[in-house]
Asks: 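Sharing a structure below in structure tokens format, with a few things to ask.
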Amino acid sequence: MVGFPPLRSFKDMSHAEKVRHAAAAAAQRARDLRVRTLATVVHGAGQGGLSPEEAAQATVEGVLLGLYTYQRKKENAGGSGPETLLLVEFDAAKEAAIAAGARRAETLARFVNRVRDWVNEPGSDMTPRRLAEEVRGLAAEVGVRVQVLDEHQITALGMGALTAVARGSEEPPRFIILEYAPEGRLERPVVLVGKGITFDSGGLNLKSEEGMLTMKGDMAGAAAVLGATLAAAALGLPVPVVALAPACENMPSGKSYKPGDILRALNGKTIEIVNTDAEGRLILADALSYAARYAPRAVIDVATLTGAAIIALGQDVAAALFSDHEELAAALLRAAEATGERLWRMPLWEDYLERIKSDVADVKNSGGRYGGLGTSAMFLKQFAPEGVPWAHLDIAPMDMAEKARGYIPKGGTGFGVRLLVRYLEDPRP
């Protein structure tokens with residue numbers, strides 16, 4: 001008996017999302033039966049109203065994403081499922097479109113599943129240096145320029161916030177820069193910025209045992225923007241893209257930054273530290289400031305930023321979207337609807353700014369318990385390039401799934417890769 005995901009009503013899904021879940025269920029059942037070759041029609045191209053290319057893409061995405069399991073640390077890893085997937089179509093006129101959709105799905109699934117691996121890796125293994133090494137290898141494969149700044153270069157640039165957060169760890173930070181320039185042109189790129197805390201203990205404001213358990217996934221934002229940029233290059237999208245990923249650990253030690261410290265970010269603004277566990281916004285402050293040097297057409301940051309996002313929207317339900325630009329917000333919401341990676345737009349009221357005003361610095365890094373989702377977004381806005389459309393995605397509810405559901409596995413989900421790629425196909429503004 002084939003089942004469908006329990007946490008989201010099947011009737012509320014788009015046709016493409018239903019296809020993904022149905023294809024995943026069939027592929028998982030085929031794996032259980034040790035089937036070596038799986039043949040299927042492209043679902044949704046009839047009454048579903050999808051084009052042959054869209055139907056093929058959704059079908060193949062469902063199969064490849066649904067068969068994912070984290071295998072890196074298993075000595076006797078189980079079978080990964082069917083070795084061959086055949087798409088059956090009797091109308092030769094649709095063959096080219098179906099092949100194109102299948103190829104696109106295969107590329108997207110490759111990078112989504114790589115991002116899932118990164119998020120699932122233990123924090124002691126997926127360090128900033130290891131993440132940079134893996135990204136460097138993939139960038140060479142798809143023809144993306146990569147630059148990795150070390151701790152000395154980060155400090156010399158004036159990234160005082162990233163430097164401070166990294167100071168408590170024996171593991172040095174890295175600032176990973178990917179530049180995808182189609183036909184050699186990097187004018188007015190879309191800049192994607194991702195939070196890369198490869199392990200978050202909370203620093204001196206130490207997390208609880210339960211709160212620390214999943215903090216290997218606190219780099220899911222960085223993983224998503226890196227994966228999306230690599231996928232955009234592999235697909236040959238015409239829009240230039242830059243990914244910026246500040247990566248470090250947040251650890252307690254005699255060298256750790258402290259509550260009461262005042263840090264100076266790359267754009268010159270000062271930050272009073274009231275909670276060392278509000279560290280993700282600090283490293284993003286430096287990265288958002290760095291984004292300004294590209295004169296970007298739009299800036300989108302992605303981060304597992306707050307527990308408040310999970311409280312507001314629920315685990316495994318949707319990510320929070322903040323933006324001060326209507327057209328950019330609308331474009332991201334369209335991309336979310338198309339990919340099934342749901343966003344819910346939240347208000348960005350000026351009231352939140354009052355809560356992060358500091359008596360001794362330009363801003364403080366936390367506005368307290370109440371309104372924490374809005375104050376965190378308002379904090380980031382202070383560092384986004386002025387006059388540039390900007391959006392913030394808090395993916396804390398979506399980075400790691402508590403239970404497997406359809407094509408989403410338990411653990412790292414790869415959330416954001418397909419959404420960002422879909423946006424990059426036709427970026428607005």
Side-chain angles (χ1 to χ4, degrees), residues 65 68 70 72 108 111-128 130-132 134-135 138 165 174 176 178 192-202 207 211-231 243-250 277-284 287 300-310 313-321 332 336 339-343 373 376 380 391-402 404 408-421:
L65 296 176
Y68 170 85
Y70 177 65
R72 289 190 177 192
L108 284 170
F111 289 101
V112 170
N113 286 339
R114 180 58 68 94
V115 167
R116 289 171 170 178
D117 278 345
W118 290 342
V119 173
N120 285 326
E121 281 280 271
S124 295
D125 292 341
M126 187 48 64
T127 62
R130 169 77 179 282
L131 178 62
E134 293 214 10
V135 171
L138 290 170
V165 175
R174 292 292 182 264
I176 305 167
L178 290 181
L192 306 177
V193 182
K195 172 188 170 184
I197 299 292
T198 58
F199 188 80
D200 181 18
S201 71
K207 291 180 182 290
M212 210 183 299
L213 186 60
T214 59
M215 286 300 105
K216 65 181 183 179
D218 211 18
M219 41 69 74
V225 303
L226 293 167
T229 303
L230 293 166
L244 304 175
C248 70
E249 293 181 339
N250 184 29
D277 195 24
E279 85 298 329
R281 65 201 68 181
L282 297 176
I283 68 172
L284 288 174
I300 303 167
D301 72 72
V302 184
T304 50
L305 206 65
T306 67
I310 304 173
L313 296 172
Q315 187 74 49
D316 300 332
V317 177
L321 162 65
L332 288 168
T339 58
E341 296 194 311
R342 287 201 296 196
L343 299 176
L373 182 54
S376 65
L380 294 177
H392 161 58
L393 308 184
D394 189 335
I395 66 168
M398 305 302 292
D399 65 314
M400 300 188 77
E402 293 182 332
I408 306 297
K410 182 179 179 180
T413 63
F415 183 93
V417 175
R418 293 182 301 114
L419 186 156
L420 291 171
V421 170

Asks: Where the side chain of E279 meets the backbone of V165, is there a donor-acceptor pair that is under 3.5 Å apart?
Replies: no

Asks: When rounded to the nearest 0.5 angstrom, what is the spacing between CG in L321 and CD1 in I395?
Replies: 13.0 Å

Asks: Would you name the heavy atoms of G412 and V119 that are closest together and state the gap between them?
Replies: CA-CG1, 3.9 Å

Asks: Considering non-hydrogen atoms only, spot the tightest contact between A401 and D316 and give its length.
Replies: CA-OD1, 3.4 Å

Asks: May I have the step-by-step check of side chain to side chain contact (heavy atoms under 4.5 Å, CB included) for S201 and M215, ending in yes or no?
Replies: CA-CA 7 Å; S201 71; M215 286 300 105; over 6 Å; no

Asks: I'd like to know whether R130 forms a salt bridge (charged side-chain N to carboxylate O under 4.0 Å, His left out) with D125, so could you lay out the CA-CA distance, the side-chain angles of the two residues, the decisive distance to 0.1 Å, and finally the verdict.
Replies: CA-CA 7 Å; R130 169 77 179 282; D125 292 341; 5.3 Å; no

Asks: Can you tell me how far the OG1 atom of T306 sits from the CG atom of D277, to the nearest 0.5 Å?
Replies: 11.5 Å

Asks: Report the distance from atom OG1 of T413 to atom CE of M400, rounding to the nearest 0.5 Å.
Replies: 8.5 Å

Asks: Test your reading of the model: is there a side-chain donor-acceptor pair from R418 to the backbone of T339, 3.5 Å cut-off?
Replies: yes

Asks: Taking the side chain as every heavy atom from C-beta outward, state whether M398 and T304 have any pair of such atoms under 4.5 Å apart.
Replies: no

Asks: Would you say E121's side chain and T127's backbone share a donor-acceptor pair under 3.5 angstrom?
Replies: no

Asks: L226 and L178: side chain to side chain contact (heavy atoms under 4.5 Å, CB included), yes or no, with the steps?
Replies: CA-CA 7 Å; L226 293 167; L178 290 181; 3.6 Å; yes

Asks: If only atom types and distance count, is the side chain of E249 paired as donor or acceptor with the main-chain N or O of F199 below 3.5 Å?
Replies: no

Asks: So, for W118 and A223, which heavy atoms are closest and what is the spacing to 0.1 Å?
Replies: CE3-CB, 3.8 Å

Asks: Would L332 and L419 satisfy side chain to side chain contact (heavy atoms under 4.5 Å, CB included), going step by step from the backbone distance to the final call?
Replies: CA-CA 8 Å; L332 288 168; L419 186 156; 4.1 Å; yes

Asks: Decide side chain to side chain contact (heavy atoms under 4.5 Å, CB included) for D117 and Y70; before the verdict, give the C-alpha distance in whole Å, the side-chain angles of both, and the deciding distance to 0.1 Å.
Replies: CA-CA 6 Å; D117 278 345; Y70 177 65; 3.6 Å; yes

Asks: Kindly give the heavy-atom pair with the smallest separation between A224 and F415, and that separation in Å.
Replies: CB-O, 3.6 Å

Asks: Heavy atoms, side chains only, cut-off 4.5 Å: are L313 and D394 in contact?
Replies: no

Asks: Give a yes or no on whether the backbone of N120 and the side-chain of R72 come within a donor-acceptor separation of less than 3.5 Å.
Replies: no

Asks: For the side chain of T198 and the backbone of G123, is there at least one donor-acceptor N/O pair under 3.5 Å apart?
Replies: no

Asks: Is there a side-chain contact between R114 and L138 in this structure, where contact means two heavy atoms from C-beta onward sitting under 4.5 Å apart?
Replies: yes

Asks: Measure the OG1-CG distance between T229 and L420 for me, rounded to the nearest 0.5 Å.
Replies: 8.0 Å

Asks: Please find the pair of heavy atoms, one from C248 and one from P128, that lie closest to each other, and give the distance.
Replies: CA-CG, 3.6 Å

Asks: Enter the distance from N250:CG to I197:CD1 here, rounded to the nearest 0.5 Å.
Replies: 6.0 Å

Asks: Between L380 and L305, is there a side-chain heavy-atom distance shorter than 4.5 Å?
Replies: yes

Asks: If you round to the nearest 0.5 Å, how far is CG of D399 from CE of M219?
Replies: 10.0 Å

Asks: Between the side chain of E341 and the main-chain N/O of A336, is any donor-acceptor distance below 3.5 Å?
Replies: no

Asks: On a heavy-atom basis, which atom in R342 and which in V317 lie closest, and how many Å separate them?
Replies: NE-O, 3.3 Å

